[in-house]
Protein chains: 2
Amino acid sequence: MPETPSRSKATRNDVAALAGVSTAVVSYVVNNGPKRVAEETAIRVRQAIEMLDYRPNAVARSLKTGSIKTLGLVIPDGKNPYFMAVSTAVEAAARQRGYVVLSASSNLDPDVESAHLNVFEARGVDGVLLSSCVQGAALTGQAIPGLPMVFLDRSTAAGINTVGVESRAGAFDAVQHLIEHGRQRIGLIIGEDEYVTGDRDRISGWRDALGAAGLPEGPVEFGDFSLSGGYSAGVRMFARSDRPDGLFVSSDQQSIGVLRAAWEAGMRIPADVALVSFDGIAESAFTCPALTTVQQPIGQLAEAAVDLVLRTAQQSSEIAHLRFSGDLAVRESCGCVN
Amino acid sequence: MPETPSRSKATRNDVAALAGVSTAVVSYVVNNGPKRVAEETAIRVRQAIEMLDYRPNAVARSLKTGSIKTLGLVIPDGKNPYFMAVSTAVEAAARQRGYVVLSASSNLDPDVESAHLNVFEARGVDGVLLSSCVQGAALTGQAIPGLPMVFLDRSTAAGINTVGVESRAGAFDAVQHLIEHGRQRIGLIIGEDEYVTGDRDRISGWRDALGAAGLPEGPVEFGDFSLSGGYSAGVRMFARSDRPDGLFVSSDQQSIGVLRAAWEAGMRIPADVALVSFDGIAESAFTCPALTTVQQPIGQLAEAAVDLVLRTAQQSSEIAHLRFSGDLAVRESCGCVN
DNA sequence: ATGAAAGCGCTAACAC
DNA sequence: GTGTTAGCGCTTTCAT
């Protein structure tokens, strides 16, 4: 009959004592090395571990080894399904490599973002994945010396690791698809900051596709990357006198809001205005109509990002800019299906 | 002109040396105690900290103090906006109290769930919040001796801390609202048993409201708590010969799928069938029609849960079962607005 | 094959 | 007011 496990946590000392060996030996069997242990002894140790319900303390271990097998992740908006998907994918990739992830949302506040980064650093994370809410020069300012870091979903920037999608190409394809449907006045709904600052790839894609087809630029409305941001931009867009017959929206989350705005305005999608968006979140397949959208390869992005931080953590020399391309998932909002 | 900060991380020893004081004093100024330090000395120390860009190592600290100011959270489905909202709220509540949260999704796999729990335990988290994917007796099995833990969104269970919503009351109100709209055949779309215990209560609420009004139980279809789960349940529901004229759906995420199924079936909501659901996720206000739903007080839940684990971590005696009530957010899917 | 012991970076008595 | 020092739980070199 097993003893009642002691109330307080057993330490490696207790195990050593019970098994009648030194603490070093316990270490060897727990870690399967670096020294070999006689099978007999190992068995005694394992029994002691079992009896005491001993669980190694990873924190203490990390103090010695320097790695706590933890990655930090900060996303700009914990309520956007796209970033949830990123989180999930990053967690999975990390888990597969024996890491766990500490994650946090900055809610679009740069100060919160850097506070998170500092907390992670203090916790001794092995590296950080950052989908920042700041841009351009400020971005580099978020870096913490000595902390391996990769930026998610940002344009190439000097001196820092980045992984992201080929936004320009994706946007180009999306708009081209609209053009193939014969749409002539193709508008744009996009995040304000994206327009104003750095990452203008989605805009270039839209503009270039139009240019390539000899079409003029349609109306543009801004709204943040949220349901309500898309909704209000949509309301404004559909109230315009130069209402478009095609629309490229910079994210699915916004598109859901746009769909709602269209519904309220009595605008039929895709009959009156065909719509294509970006991201490929799960909900894009369940809207009415379902969204034709540029599907981001989130799994690939996450794996690449995790591999990259981990590599950086080992030999911090390399700086990489990884880009993956998204495919257009053709559904109903573009007019392909009725 | 400031020195170039050293490449390798500065430790408390370096600071002490630079400031010409002992490590204890550095500790005192960093932690603002427990001893007082002469203002002059403190200034020297702070300058040294600044110069060396010294950042205290929270891990080493926790080895001494026993607390690493970290909470663990495991949710069953990282892709459900409801759980994302829970995550976000828990993070916020924890942050406010000086804690960060390590979070993970079990993706409905009990083994993954307990693996996460073990990893958290080994990381020395101060407590865990668990929205489990297992039920009943198995639930208690997930507990780790000595690890403060509170279950989220679970029915009262013996011996364990829980915080959740008044599901039965919420469901009752929802169904009653449908009845007030004159609906007579009120169906139910709900999760398969294994997912959420809240189910039981949601079912009772539906049944009781019907009973109270002297109405018979309408058709029931099962689907998991996802977009596609709701979608397929909806497809089946609308294909039935005893199609309902009112529908209570156990979560907003499912409702979005149901809306899609209705749309495909040419069923008008609320004209043909009025719908009320549960959760109050952000997207429920942007569907077409917008969802009338029982709004969960997620912020309250999160705060209560965090407070409860923290309290448990201090004196592990108390066992509490906290329940909060949700309010019906009346929108369009019930027929109140046209 | 095993053990002794020196820390990892930090805290907090306990001296002075 | 400040310094010394003994660990927290673990890993690992260097003996034996």
Side-chain angles (χ1 to χ4, degrees), chain A residues 6 8-46 48-49 52-70 119 121-126 146-147, chain B residues 6 8-46 48-49 52-70 119 121-126 146-147:
Chain A
S6 72
S8 52
K9 287 166 76 154
T11 93
R12 186 213 42 180
N13 267 304
D14 305 328
V15 175
L18 213 194
V21 299
S22 78
T23 59
V25 173
V26 177
S27 214
Y28 301 150
V29 351
V30 168
N31 302 333
N32 257 313
K35 294 281 188 66
R36 277 188 52 92
V37 171
E39 189 49 29
E40 240 180 66
T41 321
I43 291 181
R44 273 212 323 286
V45 171
R46 277 191 276 269
I49 287 177
L52 298 172
D53 188 28
Y54 166 70
R55 301 139 177 285
N57 179 328
V59 169
R61 178 175 210 279
S62 83
L63 195 53
K64 247 309 192 202
T65 64
S67 164
I68 195 175
K69 299 278 192 179
T70 301
V119 168
E121 206 270 329
R123 289 288 187 301
V125 298
D126 299 290
L147 215 208
Chain B
S6 72
S8 51
K9 286 166 76 152
T11 91
R12 185 214 40 181
N13 267 303
D14 305 329
V15 175
L18 214 194
V21 299
S22 77
T23 59
V25 172
V26 177
S27 216
Y28 300 150
V29 351
V30 168
N31 304 331
N32 256 313
K35 294 277 189 67
R36 276 188 52 93
V37 170
E39 190 48 29
E40 241 181 66
T41 321
I43 290 180
R44 273 212 323 286
V45 171
R46 278 192 276 269
I49 288 178
L52 298 171
D53 190 27
Y54 164 72
R55 301 139 177 284
N57 179 328
V59 169
R61 178 176 211 279
S62 84
L63 194 54
K64 242 312 188 204
T65 63
S67 165
I68 194 175
K69 298 279 193 177
T70 301
V119 167
E121 207 268 331
R123 287 291 186 301
V125 298
D126 299 290
L147 216 210

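Any value given below was found using the heavy atoms of this structure, including those in side chains, with hydrogens, waters and symmetry copies removed. Every chain is numbered from 1, with letters handed out A, B, ... down the list of sequences.
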[X] [atom1] to [N] [atom2], straight-line distance once rounded to whole Å:
X	N	atom1	atom2	result
B:Arg36	C:dA12	CZ	C1'	18 Å
B:Ile43	D:dT2	CD1	C1'	17 Å
B:Arg44	D:dG3	CZ	P	8 Å
B:Tyr28	D:dG3	OH	C1'	8 Å
B:Ile68	C:dC10	CD1	C1'	13 Å
B:Arg55	C:dC10	CZ	P	13 Å
B:Glu121	D:dG9	CD	C1'	13 Å
B:Leu63	C:dG7	CG	P	17 Å

Presence of donor-acceptor pair under 3.5 Å, side chain of [X] and base of [N]:
X	N	value
A:Arg12	D:dT11	yes
A:Lys35	D:dT12	no
B:Tyr54	C:dG9	no
B:Lys64	C:dG9	no

Taking atom CG of A:Leu18 and atom CG of A:Asn13, what is their separation to the nearest 0.5 Å?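 Reported value, rounded in 0.5 Å steps: 12.0 Å.
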What is the distance from atom CG of A:Asp126 to atom CG of A:Leu147, rounded to the nearest 0.5 Å?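 The CG atom of A:Asp126 sits 9.5 Å away from the CG atom of A:Leu147.
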Specify the closest pair of heavy atoms between [X] and [Y], including all atoms of both residues, with the distance to one decimal.
X	Y	result
B:Tyr54	B:Val30	CE2-CG2, 4.3 Å
B:Ala122	A:Pro56	CB-O, 3.9 Å
A:Val45	A:Val26	CG1-CA, 4.2 Å

How is [X] classified with respect to the nucleic acid when contacts are heavy atoms under 4.0 Å: base, sugar-phosphate, or nothing?
X	answer
A:Asn13	nothing
B:Thr41	sugar-phosphate
A:Ser27	base
A:Val26	nothing

Of the candidate nucleotides D:dT2, C:dC10, C:dA1, which contains the atom at the shortest distance from the side chain of B:Pro56?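 Nearest to the side-chain atoms of B:Pro56, counting from C-beta on, is C:dC10.
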Of B:Pro34 and A:Glu39, whose nearest nucleotide on DNA chain C comes first from the 5' end?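 It is A:Glu39, whose closest nucleotide lies nearer the 5' terminus.
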On DNA chain C, does the nearest nucleotide to A:Val21 precede the nearest nucleotide to B:Ala24 from the 5' side, or the other way round? Give the residue.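 Nearest-nucleotide comparison on DNA chain C picks A:Val21.
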Relative to the 5' end of DNA chain D, which residue comes earlier, B:Thr23 or B:Arg61, by the nucleotide with the nearest heavy atom?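 On the 5' side of the pair lies B:Thr23.
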Short side-chain N/O contact to D:dC8 OP1/OP2 from A:Asn57, under 4.0 Å: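 Answer no for this pair, as no side-chain N or O of A:Asn57 is under 4.0 Å from OP1 or OP2.
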Side chains of B:Lys9 and A:Glu121 in contact at under 4.5 Å (non-hydrogen atoms):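 B:Lys9 reaches A:Glu121 side chain to side chain.
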